[in-house]
Amino acid sequence: MKKYIPIQIEPKWQEKWREDKLFSPDMDKASKPFYNLMMFPYPSAEGLHVGNMYPFSGSDIYGRYKRMRGFDVFEPIGLDGFGIHSENYALNIGKHPMDLSKVTEKRFYEQLMMIGDAYDWSRTVETYKPNYYKWTQWLFLQMYKKGLAYRKKANVNWCPEDKTVLADEQVIDGLCERCGSKVELRELEQWFFKITDYAERLLKNLEVIDWSQKVKIAQRNWIGKSEGATVKFGELEVFTTRLDTIFGATFVVISPEHQFVAKLKSEEVKEYVRKAKKKSELERKETKDKTGVFSGEYVKNPLTLEDVPVWVADYVLTGYGTGAVMGVPAHDKRDFEFANKFNLPIKKVVEGDNLPYEGEGILVDSGQYTGMTSAKARQEIPGKKQIQYHLRDWLISRQRYWGPPIPIIYCDKCGTVPVPEKDLPVELPYIKDFRPTGTGQSPLASVPEFYNVKCPKCDGEGKRETDVSDTFLDSAWYFLRYPSTEFADQSFDKQRTKKWLPVDMYIGGAEHSVLHLLYARFVTMVLNDLDLIDFEEPFKTFFAHGLIIKDGAKMSKSKGNVINPDKYIKEYGADTLRVYLMFMGPLSEGGDFRDGGMNGVYRFLQRVWGLQEKLSAISLQLSDQDLRIMHKTIKKVTEDIEAIKFNTAIAALMEWLNYLSRKSQESRVTRQEYKTFLLLLAPFAPHVAEELWQIVKSSVVSRQSSDSLKADSKASLKTDSWSIHKHSWPQFDKNQLEEEEVAIAIQIDGKVRDVVLTQKDIISNKEVVEKMARESAKAQKFLAGKSVKKVVFIPGKIISFVTSAD
RNA sequence: GCUGGUGUGGUGGAAUGGGAUACACGCUCGCCUUAAGAGCGAGUGCCCAAAAGGCAUAAGGGUUCGACUCCCUUCACCAGCACCA
């Protein structure tokens, strides 16, 4: 027998699969389309590491399984190669990102082929290619036409290291998501998408999609809906969710950016505002100590009719509500601190324990509303109902080079003019100096050949927008492009999209819970409103995988803990690495990579390999026990794959292999068992399963006399492909799962003392089982001197005696 | 602070109301081998020389004939949000 040497079989099958277009479904004729998508990677020249490979393998197992279940599975791959991440890497190693992209693309695709995933290699998508970003720009134009893309001057997050603005979602704890620098506030003219128009829909649809609770909650928090009311204190309008506490409002606080501040003459106020504006967002949020200054003005509390002082303080945020709040120190922690610091009066209006009391209760000292509950008072007290969202508009311009230029032209006569669709793409020129400038403008702003253009409307002098768009815009629609890659004249074909979308299974990282996943949902909703697609949610099911870490930290080149799969693939094969990664634990949990267990998995595959020559030469009848474990394994593996619990599916295969190995010593393993085993193994270890399948398939098959696998046999006759990966998945027969003999545990006062063996026909018969249990010597020992108060019988499982001492 | 999650052998983990520790790693012993490796076999939660038995799922309490699983309290760790009025 040939030895199992993975590198001798894996490339061979990878090539054959590709040649035969085995994993390229007929996009127009497919009768049972299944879109199986894995988040496409950011490529880097370092190449793919084990941390990337982990979820790809998980996604591929699911896809291969679905294909064997008869679906036309579409499993595409591409590269999210535009953006700061790739550009920074190019800067680091002193190469031009455009040149570098060619190298990384080659390297990444080579590695992705080596791990043997069932991708449709005829439909790759790279976001940095003009034939893709042409349509990203087109998408921008649709947003613009619909009034959802707008430009405004705003206080925006500025990363001094990456020298660009960032969206709110890309600022983590006041630090840049990419490089970790402290983010500053800068007032700049920027392009935004009006995602806030969709806040309610983004929130509401969460109820109907099959996503993990974790991700839904993260999105819900981010959208941050709160229901309250606005009330006028003189000319100042405040927003509150606790209208019931208005009688306790003893002052009003406005943010340093509030319009009202302009009217104030006091030097002290001006100084405070100047200082506050200079602070970074992080510093403003970090400071626990309240700061503020009295404005010198008073406004009237509309309910108490008292004049209350107006203060300016930076704990009030500009971008939320009206930028003004009523200060209720007795019932708000922050107002309480503020009042204490500046000696402002504290007036209790809700019954409660210690101040500040933030809970609900019965109102006191609140005029005609005294005695009402908080909830009732909120209904009764006059105010304009208002809903506020934490979500802010998506800032999409970037002052960088490596992205799609925003397709806008400014003309002195015509104003802001969108680039006509026929002129797309606005190609990103190859420029020598692509480094970020730090001036608030993109490097493209120093390239006159790029920005000097004719106005498309009046043919006069025009200037191009020189900012590029956020990488997250590239990835917000890529799933629409995959099925339509061959259409040069449209972003996505209507029929294709109708056939393949929404995505049936999407697997990706939980770190994208509020970035990519929210943007993609938003874009999909807009396209739905534009009548370009007939669904509002892009991903029916989303599964968040865990992370593979190394020595307790996420793999990254800077930490020097990157595990390259190449060496393991060479030594053990891609199959072993896949199975090892999946066997580590549930896909949702990730884990710490140690190669210690790899040998065990390798050994497992070797034993599978070795079994081929120990098969029974003659046709044997399978025993009841043989049949039971076979059907039990089919059931377990099937259900576990559906639930994405690959680790226990693999364990079930190992158990069956152990059983078959014992049988093989007497050459009693049948071809039927072995073939079934290979079919179940195929999604996990596709190369070795294929190799062995070809060996056992080609030898003469004597039809098993047992008809227990009838469904499978019939299906196999229908199969037109040579490959195991197109063969139909084995079916289990639940009649074969029942055991002839069942051991029922005897429990006495909660402790298992013995078991009784019962035949199939009596396992539900309480009287008989109880009699047998009472005859057990061990049971008698523990029942001696006690009287049985109660007997609980669970058929097939347990008989439980409850006693009391005599 | 708020929200959600997790906590089981030396290690990764299994079991979601019914025999805790499946499956694997590691380790120990044995067989095989000139030797190493591989392979094969046995053992491996803790206490006890062993048997019998007892004790164990972060800690404590509760519900139940029966709890890793459900409920309450506490602790630890992880993730997301956080001066959002």
Side-chain angles (χ1 to χ4, degrees), chain A residues 172-174 212-222 224-226 228 238-243 245 249 253 255 284-290 313-317 319-328 331-335 337-338 358 388-392 510-511 513-514 544 546-547 579-580 583-586 588-589 591-604 606-607 610 645 647-658 661 665 743-755 778 781 788-794 796-803:
Chain A
I172 315 289
D173 291 333
S212 75
Q213 210 50 28
K214 208 171 160 176
V215 176
K216 287 190 189 184
I217 286 165
Q219 291 215 353
R220 213 168 276 141
N221 283 347
W222 187 260
K225 181 179 184 174
S226 51
V238 304
F239 173 72
T240 179
T241 54
R242 291 300 302 272
L243 195 56
T245 63
V253 193
S255 77
R284 272 171 82 156
K285 283 180 175 170
E286 223 169 36
T287 333
K288 283 276 167 323
D289 264 354
K290 296 280 177 292
D314 67 3
Y315 82 88
V316 175
L317 305 176
Y320 189 80
T322 59
V325 303
M326 59 183 201
V328 186
H331 306 293
D332 183 282
K333 222 176 105 193
R334 296 150 301 180
D335 296 343
E337 285 168 18
F338 193 75
E358 293 187 312
Q388 277 294 331
Y389 299 93
H390 169 210
L391 186 69
R392 292 191 228 170
E511 71 273 20
S513 297
V514 289
L547 293 179
V579 174
Y580 169 69
F583 187 55
M584 269 172 58
S588 56
E589 302 305 313
D592 208 330
F593 185 87
R594 293 189 202 111
D595 53 15
M598 194 106 52
N599 259 322
V601 171
Y602 191 47
R603 205 174 297 154
F604 165 66
Q606 273 175 324
R607 288 168 67 209
K645 284 159 76 184
N647 54 328
T648 46
I650 294 164
L653 286 171
M654 287 175 170
E655 280 181 74
W656 192 20
L657 180 69
N658 290 341
S661 293
Q665 287 165 12
I744 293 181
I746 304 170
Q747 212 173 49
I748 293 157
D749 293 327
K751 289 212 169 21
V752 175
R753 297 300 181 179
D754 200 4
V755 291
K778 281 186 187 167
K781 183 177 153 195
V788 173
K789 263 199 321 199
K790 192 175 169 187
V791 180
V792 179
F793 178 61
I794 307 295
K797 295 256 183 197
I798 215 154
I799 181 146
S800 176
F801 295 91
V802 188
T803 70

Stem regions touching RNA chain B, defined by at least 3 consecutive Watson-Crick or wobble G-U pairs below 3.5 angstrom: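 The stems that RNA chain B takes part in, listed by first number, are B:1-7 with B:75-81, B:10-12 with B:23-25, B:26-31 with B:39-44, B:45-47 with B:53-55, B:58-62 with B:70-74.
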Side chain of [X] only, heavy atoms from C-beta on: which candidate in [options] is closest?
X: A:S226; options: B:C83, B:A85, B:G80; result: B:A85
X: A:S800; options: B:G53, B:G18, B:A24; result: B:G18
X: A:W222; options: B:G80, B:A82, B:C23; result: B:A82
X: A:Y320; options: B:G18, B:A85, B:G53; result: B:A85
X: A:D314; options: B:C83, B:G53, B:C65; result: B:C83

Under 4.0 Å protein heavy-atom contacts per nucleotide of nucleotides 10-16 of chain B, with B for base, S for backbone only and - for none: -SBSSS-
How would you label the contact of [X] with the nucleic acid (heavy atoms, under 4.0 Å): base, sugar-phosphate, or nothing?
X: A:I217; result: sugar-phosphate
X: A:K751; result: sugar-phosphate
X: A:V752; result: sugar-phosphate
X: A:V791; result: nothing
X: A:E655; result: sugar-phosphate
X: A:T241; result: sugar-phosphate
X: A:A510; result: nothing
X: A:G321; result: nothing
X: A:K225; result: nothing
X: A:V325; result: base

If you compare all heavy atoms of [X] against all heavy atoms of [Y], which two are closest, and at what distance to 0.1 Å?
X: A:A324; Y: A:V316; answer: N-CG1, 4.2 Å
X: A:Y320; Y: A:S226; answer: OH-OG, 2.7 Å
X: A:I744; Y: A:I799; answer: CG2-N, 3.8 Å
X: A:T803; Y: A:I748; answer: CG2-CG2, 4.4 Å

If I pick the [atom1] atom on [M] and the same atom on [N], what distance separates them, to the nearest angstrom?
N: B:G41; M: B:A76; atom1: C1'; value: 43 Å
N: B:A67; M: B:U16; atom1: C1'; value: 11 Å
N: B:C71; M: B:G18; atom1: P; value: 16 Å
N: B:C68; M: B:U63; atom1: P; value: 16 Å
N: B:G17; M: B:G12; atom1: P; value: 25 Å
N: B:A82; M: B:U3; atom1: P; value: 16 Å
N: B:G9; M: B:A22; atom1: C1'; value: 13 Å
N: B:G62; M: B:A14; atom1: C1'; value: 27 Å

Is there a side-chain contact between [X] and [Y] in this structure, where contact means two heavy atoms from C-beta onward sitting under 4.5 Å apart?
X: A:D749; Y: A:V802; result: yes
X: A:F583; Y: A:M654; result: yes
X: A:R607; Y: A:L657; result: yes
X: A:F593; Y: A:Y580; result: yes
X: A:T245; Y: A:M326; result: yes

Below 3.5 Å between N/O atoms, which protein atoms pair up with nucleotides 36-47 of chain B? Just atom names and distances, please.
from, atom 1, to, atom 2, distance (Å)
B:G39, OP1, A:R603, NE, 2.9

Rounded distance (Å) that lies between atom [atom2] of [N] and atom [atom1] of [X]:
X: A:F338; N: B:A85; atom1: CZ; atom2: P; result: 18 Å
X: A:L653; N: B:A24; atom1: CG; atom2: P; result: 12 Å
X: A:R220; N: B:A82; atom1: CZ; atom2: C1'; result: 18 Å

A:K214 vs B:G4: side-chain N/O to OP1/OP2 distance below 4.0 Å: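 Negative; the distance criterion is not met.
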Below 4.0 Å: OP1/OP2 of B:A85 and any side-chain N or O of A:H331: no
Comparing A:M326 and A:A651 on RNA chain B - which has the more 5′ nearest nucleotide: A:A651
Closest-nucleotide 5' rank along RNA chain B - winner of A:A652 and A:V792: A:A652
A:L391 CG to A:N221 CG distance, which is reported to the nearest 0.5 Å: 12.5 Å
Separation between CG of A:L547 and CD of A:E589, rounded to the nearest 0.5 Å: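 So the gap between those two atoms works out to 11.0 Å.
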A:F801: ring-ring contact (aromatic ring centres under 6.0 Å, His included) partners, not counting sequence neighbours: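 For A:F801 there are no ring-ring contact (aromatic ring centres under 6.0 Å, His included) partners, ignoring immediate neighbours.
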Pairing residues for A:D332 by the salt bridge (charged side-chain N to carboxylate O under 4.0 Å, His left out) criterion, not counting sequence neighbours: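 Counting only residues at least two positions away or on another chain, A:D332 forms a salt bridge (charged side-chain N to carboxylate O under 4.0 Å, His left out) with A:R334.
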Residues in side-chain hydrogen bond (donor to acceptor under 3.5 Å, both in side chains) contact with A:R753, at least two apart in sequence or another chain: none
Side-chain donor/acceptor of A:K333 to base of B:C83, under 3.5 Å: no
For B:G41, glycosidic torsion class - syn if within 90° of 0, otherwise anti: anti
A:E358 (side chain) donor-acceptor with A:K333 (main chain) under 3.5 angstrom: yes
